[in-house]
Amino acid sequence: MFIDGLSDWEKRRLALVLKEQGNTAFMVIKHAKAAVLSAKRNRPVNTVDDKYLMLLDKTIEELYGYQRLPNSLQYTSPEVVAAAIGEINRREN
């Protein structure tokens with residue numbers, strides 16, 4: 001999978017939970033990756049891609065408490081995400 005920050009066991013569990021919700025893990029991740037790539041390129045994000053990215057974010061946060069780093073499919077603790085966002089904001093100012 002194109003998701004960083006999750007163990008193999010966590011990825012397998014995520015795939016099972018997505019399947020139980022009626023989704024295919026491959027399609028969810030494919031659309032989420034497309035949304036992230038569009039955002040990185042400063043392009044408009046397709047609404048379907050964004051929907052699947054939000055679904056992936058919500059599911060991972062509910063299962064493991066991880067949050068996504070901006071413009072990537074890397075998940076980590078909320079503290080690390082907050083620090084990364086603070087660093088990005090500091091650089092922009």
Side-chain angles (χ1 to χ4, degrees):
M1 283 192 197
F2 297 101
I3 299 175
D4 294 325
L6 299 180
S7 69
D8 288 341
W9 181 86
E10 290 171 329
K11 290 177 185 178
R12 283 192 293 274
R13 183 170 175 223
L14 173 64
L16 289 173
V17 169
L18 289 171
K19 186 176 181 180
E20 289 171 0
Q21 295 174 350
N23 297 294
T24 304
F26 173 78
M27 290 303 290
V28 171
I29 294 167
K30 177 185 148 219
H31 284 288
K33 182 71 174 175
V36 168
L37 288 175
S38 293
K40 276 185 178 179
R41 296 174 181 153
N42 293 322
R43 308 283 292 185
V45 177
N46 181 291
T47 55
V48 173
D49 295 340
D50 193 44
K51 177 185 115 179
Y52 281 110
L53 179 59
M54 289 188 297
L55 172 67
L56 186 63
D57 288 347
K58 179 180 169 245
T59 304
I60 289 175
E61 186 161 10
E62 287 175 356
L63 287 173
Y64 310 116
Y66 301 154
Q67 293 180 350
R68 183 173 50 85
L69 290 171
N71 293 331
S72 72
L73 281 181
Q74 183 173 354
Y75 290 84
T76 188
S77 69
E79 297 81 20
V80 173
V81 172
I85 291 171
E87 181 65 22
I88 291 168
N89 290 339
R90 187 184 63 77
R91 286 182 190 168
E92 289 177 355
N93 292 330

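In this text, all values refer to a predicted model and were calculated from it rather than measured experimentally. In this chain, residues are counted from 1 in sequence order.
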S.K.: Counting C-beta onward and ignoring hydrogens, is there a side-chain heavy-atom pair between V17 and E62 closer than 4.5 Å?
M.R.: no
S.K.: Atom CD in Q67, atom CD1 in I60: separation rounded to 0.5 Å?
M.R.: 11.5 Å
S.K.: Just do the side-chain contact (heavy atoms from CB on, under 4.5 Å) check on L55 and Q21 with the steps written out, would you?
M.R.: CA-CA 10 Å; L55 172 67; Q21 295 174 350; 3.7 Å; yes
S.K.: For K40 and N71, which heavy atoms make the closest approach, and how far apart are they?
M.R.: CE-O, 2.7 Å
S.K.: What's the shortest heavy-atom distance between V45 and D49, and which atoms?
M.R.: CG1-CB, 4.5 Å
S.K.: Taking R68 as the fixed residue, which of I3, L53, D4 is the one that meets the side chain to side chain contact (heavy atoms under 4.5 Å, CB included) rule?
M.R.: L53
S.K.: For the atom pair NZ (K30) and NZ (K33), what is the distance rounded to the nearest 0.5 Å?
M.R.: 14.0 Å
S.K.: Check whether V48 and V28 end up in the same hydrophobic cluster, where Ile, Leu, Val, Met, Phe, Trp and Tyr are linked by side-chain heavy atoms less than 4.5 Å apart.
M.R.: yes
S.K.: Do L63 and Y52 share a hydrophobic cluster, counting only Ile, Leu, Val, Met, Phe, Trp and Tyr and linking them when any side-chain heavy atoms are less than 4.5 Å apart?
M.R.: yes
S.K.: Applying a strict under-4.5 Å side-chain criterion to I, L, V, M, F, W and Y, I'd like to know whether L16 and W9 cluster together.
M.R.: no
S.K.: With distance as the sole test, does Y64 use its side chain to make a donor-acceptor pair with the main-chain N or O of E10 at under 3.5 Å?
M.R.: yes
S.K.: Could you check whether any side-chain heavy atom of Y75 comes within less than 4.5 Å of a side-chain heavy atom of L56, counting everything from C-beta outward?
M.R.: yes
